[in-house]
Structures are given as C-alpha cells and as structure tokens.
Amino acid sequence: MRLSRFFLPVLRDTPKEAEIVSHQLMLRAGMIKQSAAGIYSWLPLGLKVLNKISKIVREEQNRAGAVEVLMPTIQSADLWRESGRYEAYGKEMLRIVDRHDRDILFGPTAEEVITAIVRDSIRSYKDLPKNLYNIQWKFRDEIRPRFGVMRGREFLMKDAYSFDISPEAARRAYHRMFVAYLRTFARMGLKSIPMKADTGPIGGDLSHEFIILADTGESQVFCHRDLIDGAVPPATTDFDGDLSEVIDAWTSKYAATEDMHDAARFEAEVPADQRVSARGIEVGHIFYFGTKYSEPMGAKVQGPDGQMITLQMGSYGVGVSRLAAAIIEASHDANGIIWPLPVAPFEVALINLKVGDSETDHVAGDLYSKLQANGIDVLMDDTDERAGGKFATMDLIGIPYQLVVGPKGVKAGEAEVKNRRTGTRETMPIEAALDYVVQRVHESLVQV
RNA sequence: CGGAGCGUAGCGCAGCCUGGUAGCGCACUUGCUUCGGGAGCAAGGGGUCGGAGGUUCGAAUCCUCUCGCUCCGACCA
C-alpha cells in the first residue's frame with residue numbers, strides 16, 4: 001500500500017475524551033473514529049488489525065476442531081422467550097420493534113440462535129460432538145461505555161458453542177477451547193493467564209477468564225508468578241487426544257480475579273515472593289453450562305440406547321475488538337504503538353526520504369515490489385513529508401520494521417533498517433536490508 | 001440511574017464572570033527558502049460558538065429547556 005493512497009488520519013494532539021493509552025493511541029493513529037457513545041467506525045488501519053486478530057482466532061478455532069458459521073446480528077425475541085432470557089436479560093439488551101410491531105433485538109450473544117440451529121438439525125448422538133463458532137458484531141447497551149473499544153457497546157466477538165452428549169464429553173470440549181485460547185493469545189504476543197471465574201447457577205469448576213496483565217485493566221487479579229510465563233501448547237497439539245496434562249499445568253496454581261479471590265488460600269498456597277497482584281484485562285471467557293439452554297429449548301438427540309439425551313453445552317467468547325486495545329495496552333511506548341508482528345497492520349514500512357529524487361524513487365519502487373513479491377504487507381511512505389514526520393508517523397502507528405532509503409544511502413548502495421520495538425537502526429547494503437526484513441517477518445510468522 | 005464536568009475550525013484550547021458580532025497553536029492551501037529523525041518566512045482557506053426558546057438595540061457571553069459527550073459508582077467479551 002502506498003501511504004499517498006491510504007486513508008490515515010493521524011492526530012498530533014490527544015483527543016481529550018480518551019483516558020487510557022490504548023484509546024488515545026487508537027484515535028491518534030487513525031484506527032478508529034467514534035460515532036456515538038461506545039460505538040466506533042473502524043478506519044483502514046484499525047480494520048487491518050481487527051482482521052489480523054480475527055484471522056488468528058479463526059485459525060486456532062479451526063485447529064481445535066471448531067467450525068465457523070455466521071449468525072445474524074438481529075435476532076427474534078421469540079427465540080429468547082423460549083430460553084426465558086427475553087425477560088431475564090435486562091436493559092443491556094437492545095430491544096427493537098419492526099414495522100409489523102414484532103419484537104426483535106440486536107444480539108448481545110447467540111446461545112439461543114445456535115441452540116435452535118443445532119436442535120433443528122441434529123438427531124443422533126453420532127452427529128456429536130460439535131463446536132460451532134462465529135465472529136460477529138454484538139451489542140450490549142452498557143450503562144457506561146468507556147475506554148474506547150475496550151468497553152464499547154458494539155463490539156466484535158468470537159463466540160463458540162459446544163454440543164456434547166455427556167458432561168465428560170463436554171469437559172473435553174471445554175479443554176479444547178482452553179488450549180485453543182492459550183495458543184490464540186500467545187500468537188498475538190500476549191501472555192494470557194486463565195483464571196477461575198464465577199460459574200453462575202450451574203456451579204462446578206468449568207469457567208475461566210483469560211486475563212492479560214496490564215496496569216489499566218479493569219479487574220484486580222491474583223496469581224502465582226509461574227503462570228505469567230507458562231508453557232503454551234504447541235501447534236502440533238493433538239486436540240482429539242488427552243489434554244488434561246496441559247490443563248492441570250495451567251490450573252493447579254493459584255489464579256483468581258477479584259470476585260473469586262480467596263486471600264487466605266492465596267497466602268497458604270503461594271509463597272510470598274511468588275505472589276502476583278496486578279490489574280488485568282479480560283480478553284476471553286469460557287463456560288460450561290450444561291443444559292441451561294438445551295433443556296428449555298428442547299435440544300436433544302437420540303443416544304445409542306434409543307433414549308433421548310439433552311445436549312450438554314458450553315460457550316466460549318473472545319473479545320476480538322477488545323483485543324486490539326488490549327494488545328496496545330500491553331505493547332506501546334512514548335512514541336506510539338508497538339505491534340507484535342502477527343497483528344501489525346503492516347509488517348514493514350518502506351520510507352522514501354526524498355520523494356522526487358529519481359534514483360531514490362527507483363530504489364524504493366524496486367524494494368516495494370520485491371517486498372510485495374515476498375508476501376510482505378508493506379506500507380510505502382511516498383509522501384513528500386519531511387523525514388522527521390515520516391518517522392514519527394510510522395512510530396506512532398507501530399509498524400514493526402522500517403526500511404529506510406534516501407539519496408545518501410542510495411549513492412552508497414545502502415539502506416537502513418529500524419526495529420520499532422528495540423529502536424535499533426542498522427545500515428546495510430540494500431539487497432541485504434531487503435533480505436533481512438523479509439527473513440525477520442517470515443520468522444515472526446512461524447506459529448508458536 | 002445517582003454524583004461531577006464538558007460542548008467555540010479536523011485536533012488541542014482561549015474568549016463567557018463584567019453582552020458590542022470570534023481568536024490562538026497544530027493541521028490544511030499557495031509561494032520562497034530549507035530538507036537524513038515532527039523546518040523557517042510570507043500570504044491564505046475554513047466556524048449558523050451543540051440545538052431550541054427567551055431577555056436585550058445587540059447574545060459564544062445572561063436565563064430556561066433540550067440534545068450529545070466524558071469522568072466517578074453497579075454490568076460485561
């Protein structure tokens with residue numbers, strides 16, 4: 001992409017409504033534009049990030065055996081009356097009346113829709129297990145939206161739903177998502193920690209929130225230090241096999257959010273020098289809820305013995321749009337965002353210091369096509385802005401590698417490579433610089 | 001919904017108390033000079049002062065209502 005053709009409305013001053021750094025930087029970097037309270041447009045740069053996050057989520061869901069669907073944003077109130085939640089859900093649900101005076105709603109979640117689909121389509125235990133997910137916009141009419149897309153009213157969520165014939169099978173489905181989540185967040189450069197969460201009326205031990213540690217997090221969390229650098233299951237993990245070893249490794253040590261925190265247990269189980277008390281951002285939440293929806297909605301299959309079995313369900317959410325903000329909270333500096341490469345809107349910024357100088361233009365153009373030929377997502381700064389402004393913009397929007405060419409370097413046959421994260425700058429022969437960034441990008445994309 | 005603020009140019013702000021017909025910085029346009037890490041000079045463009053009523057000869061400014069946004073509490077991916 002050529003910067004001259006891109007749409008990148010960056011701001012030099014911080015808009016006053018932005019309180020936390022991710023919100024400030026998303027506005028300044030031209031990623032989002034507020035449309036109403038808690039409702040945002042995603043501008044090209046932000047959308048690229050959102051899509052990269054979605055892609056990773058999708059790949060890991062697929063790897064874990066989940067199957068993608070796409071459910072509507074607008075749902076029927078009748079479906080919600082079946083589960084009893086139309087009355088129970090409260091004002092957070094945006095209720096709409098259509099022209100025929102029918103009650104509809106903007107979906108805050110999709111248990112009812114998916115349960116109806118599965119109920120109507122699946123008859124036999126042989127069709128199970130199934131895990132269906134979608135990445136779709138949700139709307140929750142939060143009392144107080146804040147922190148930009150971190151707590152928006154409209155947000156992009158990956159929600160998966162598992163269907164099984166027994167609690168044991170449902171537990172295995174839960175474990176698959178547990179592992180998928182560890183991998184998903186790790187691939188975005190985040191250190192996530194699964195923490196025991198409130199299970200609601202069902203009870204049991206099958207609900208975890210996945211938390212990213214960040215000072216601006218909304219909840220207070222407590223855990224064992226070892227969990228911060230816990231081992232992430234490899235891409236070769238057999239999701240059809242026994243995952244309990246991984247689960248045990250991650251759940252045997254103390255980790256709880258404020259709601260579930262037991263100070264006495266924390267002190268008894270965790271040595272003082274291993275105790276971590278910090279702020280955290282919830283980026284994922286997984287749940288096992290048994291027959292809460294399948295029972296009232298009549299989602300049953302026939303078992304091997306001919307008896308009807310009410311489906312065991314779980315649901316698994318990832319805040320996709322929230323992740324864009326969470327990643328920035330976890331990775332930025334005074335100059336702007338520092339994108340982990342797998343979610344960076346562009347992998348390389350190609351900076352032409354002297355647009356109009358025919359030699360430099362030629363070298364830049366050549367590098368641009370070679371980077372593209374190598375599959376690199378490159379943003380070429382072909383504007384006539386001054387050098388300082390170009391660097392400031394690329395630093396602000398957080399492109400991992402900056403490949404810099406100018407008349408002096410071109411005469412000497414050299415280019416400069418800058419690493420956004422470390423700030424290091426190296427001058428090397430032009431071809432070597434090209435190989436260097438191409439190799440670095442490819443290395444970073446190798447899946448953990 | 002309770003409590004506290006704020007709406008003046010794309011962004012950041014001043015002006016309001018004490019009414020006299022709108023200003024500053026950045027950004028933008030043009031020209032010249034500069035040009036390897038947010039340049040200088042000069043000349044410009046852009047605002048029904050959130051909206052509606054009212055008071056007044058006259059309202060960004062005073063009064064009433066209203067809408068929007070933000071922050072502090074209860075909700076959540």
Side-chain angles (χ1 to χ4, degrees), chain A residues 9-20 23-24 27-28 30 33-39 53 57 89-93 107-110 133 135-160 181 184-185 192 197-198 200 208-212 218-219 257 259 280-287 315-326 335-336 351-357 360 381 383-396 402 404-412 414-416 418 423 425 427:
Chain A
V10 297
L11 302 175
R12 205 151 172 175
D13 298 311
T14 301
K16 65 175 173 183
E17 73 268 17
E19 196 77 0
I20 63 171
H23 190 194
Q24 293 171 348
L27 291 169
R28 286 194 51 211
K33 171 99 178 138
Q34 182 166 14
S35 177
I39 300 176
I53 292 171
V57 169
Y89 210 89
K91 296 179 101 169
E92 211 172 281
M93 181 157 75
T109 176
Y133 75 96
I135 298 177
Q136 178 63 290
W137 292 93
K138 302 293 188 292
F139 192 94
R140 292 185 190 171
D141 200 358
E142 298 278 347
I143 296 166
R144 190 152 90 81
R146 63 184 133 173
F147 301 149
V149 298
M150 190 78 85
R151 175 172 299 291
R153 291 195 292 171
E154 188 178 61
F155 59 98
L156 189 60
M157 180 166 91
K158 185 285 297 183
D159 41 321
Y181 277 31
T184 299
F185 302 129
S192 71
D198 193 357
H208 286 87
E209 291 182 17
F210 284 73
I211 301 283
I212 302 301
E218 286 192 274
S219 38
T257 59
D259 296 345
I281 300 168
E282 183 187 351
V283 290
H285 198 160
I286 59 178
F287 260 108
S315 77
Y316 315 89
V318 169
V320 175
S321 47
R322 173 180 285 183
L323 271 167
N335 295 324
I351 299 180
N352 180 342
L353 287 175
K354 185 84 173 179
V355 171
D357 178 275
T360 311
D381 186 342
T383 66
D384 59 3
E385 171 115 25
R386 303 171 72 83
K390 288 174 184 259
F391 288 117
T393 298
M394 293 305 171
D395 282 353
L396 172 64
Q402 294 172 16
V404 187
V405 293
K408 286 183 193 169
V410 165
K411 279 202 179 61
E414 290 176 333
E416 182 184 282
K418 175 176 164 182
R425 292 192 252 163
T427 301

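Naming: A, B, ... by sequence-line order, numbering from 1 per chain.
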What integer number of Å spans the C1' atoms of B/G2 and B/C49? 31 Å
What interatomic distance, in whole Å, is found between P of B/C62 and the corresponding atom of B/G44? 34 Å
P gap between B/G7 and B/A27, integer Å: 24 Å
Work out how far the P atom of B/G25 is from that of B/G45, and round it to whole angstrom. 15 Å
Which class fits the ring pair A/F287 and A/H285: parallel under 30°, tilted 30 to 60°, perpendicular over 60°? parallel
Set of salt bridge (Lys or Arg N to Asp or Glu O under 4.0 Å) partners for A/K158, sequence neighbours left out: none
C1' spacing across the pair B/U8 / B/G46, given as an integer number of angstrom: 14 Å
Under 4.0 Å, heavy atoms only, any strand: does A/T14 hit a base, just the sugar-phosphate, or nothing? sugar-phosphate
For B/C32, which nucleotide is its Watson-Crick or G-U wobble mate, given both distances must be under 3.5 Å? B/G40
Qualifying residues under side chain to side chain contact (heavy atoms under 4.5 Å, CB included), relative to A/L11, sequence neighbours excluded: A/P15, A/R28
Mark yes or no for whether A/Y89, through its side chain, and A/P108, through its backbone, hold a donor-acceptor pair below 3.5 Å. no
Classify the nucleic acid contact of A/G90 as base, sugar-phosphate or nothing, counting any heavy atom under 4.0 Å across all strands shown. nothing
Can you tell me, in whole Å, how much space there is between the C1' of B/A59 and that of B/A42? 37 Å
Could I get the full list of side chain to side chain contact (heavy atoms under 4.5 Å, CB included) partners for A/A392, not counting sequence neighbours? none
If you measure only the distance, is there a donor-acceptor pair under 3.5 Å linking the side chains of A/D259 and A/T257? no
Could you give the CG-to-C1' distance, from A/D357 to B/C35, as a whole number of Å? 12 Å
Starting at NZ of A/K91 and ending at C1' of B/C1, how long is that distance when rounded to a whole Å? 8 Å
Base, sugar-phosphate, or nothing for A/P9, non-hydrogen atoms under 4.0 angstrom? nothing
Residues two or more places apart in sequence or in another chain: which of them pass side-chain hydrogen bond (donor to acceptor under 3.5 Å, both in side chains) with A/E209? none
Taking only residues two or more places apart in sequence, or in another chain, which ones meet A/A412 in a side chain to side chain contact (heavy atoms under 4.5 Å, CB included)? A/E414
Identify, with sequence neighbours excluded, every residue that meets salt bridge (Lys or Arg N to Asp or Glu O under 4.0 Å) alongside A/E142. A/R151
If pairing requires Watson-Crick or G-U wobble contacts with both distances under 3.5 Å, which nucleotide is the partner of B/C24? B/G12
Any-strand Watson-Crick or G-U partner of B/A59, both distances under 3.5 Å: none
Base paired to B/A4 (Watson-Crick or G-U; both N/O distances under 3.5 angstrom): B/U70
Where protein sits on nucleotides 68-77 of chain B, one letter per nucleotide: B base, S sugar-phosphate only, - none, heavy atoms under 4.0 Å: -SSBBBBBBB
Under a 3.5 Å limit for both distances, which nucleotide forms a Watson-Crick or G-U wobble pair with B/A52, could you say? B/U64
Contact letters for nucleotides 37-45 of chain B, in which S counts primed atoms plus P, OP1 and OP2 and B counts the base, heavy atoms under 4.0 Å: BBB------
For the C1' atoms, the ones on B/U21 and on B/G12, what distance do you get once it is rounded to whole angstrom? 25 Å
With A/I39 via side chain to side chain contact (heavy atoms under 4.5 Å, CB included) - residues at least two apart: A/S35, A/A36, A/F139, A/R153, A/E154
Could you give the distance separating B/C16 and B/G23 at their P atoms, to the nearest angstrom? 15 Å
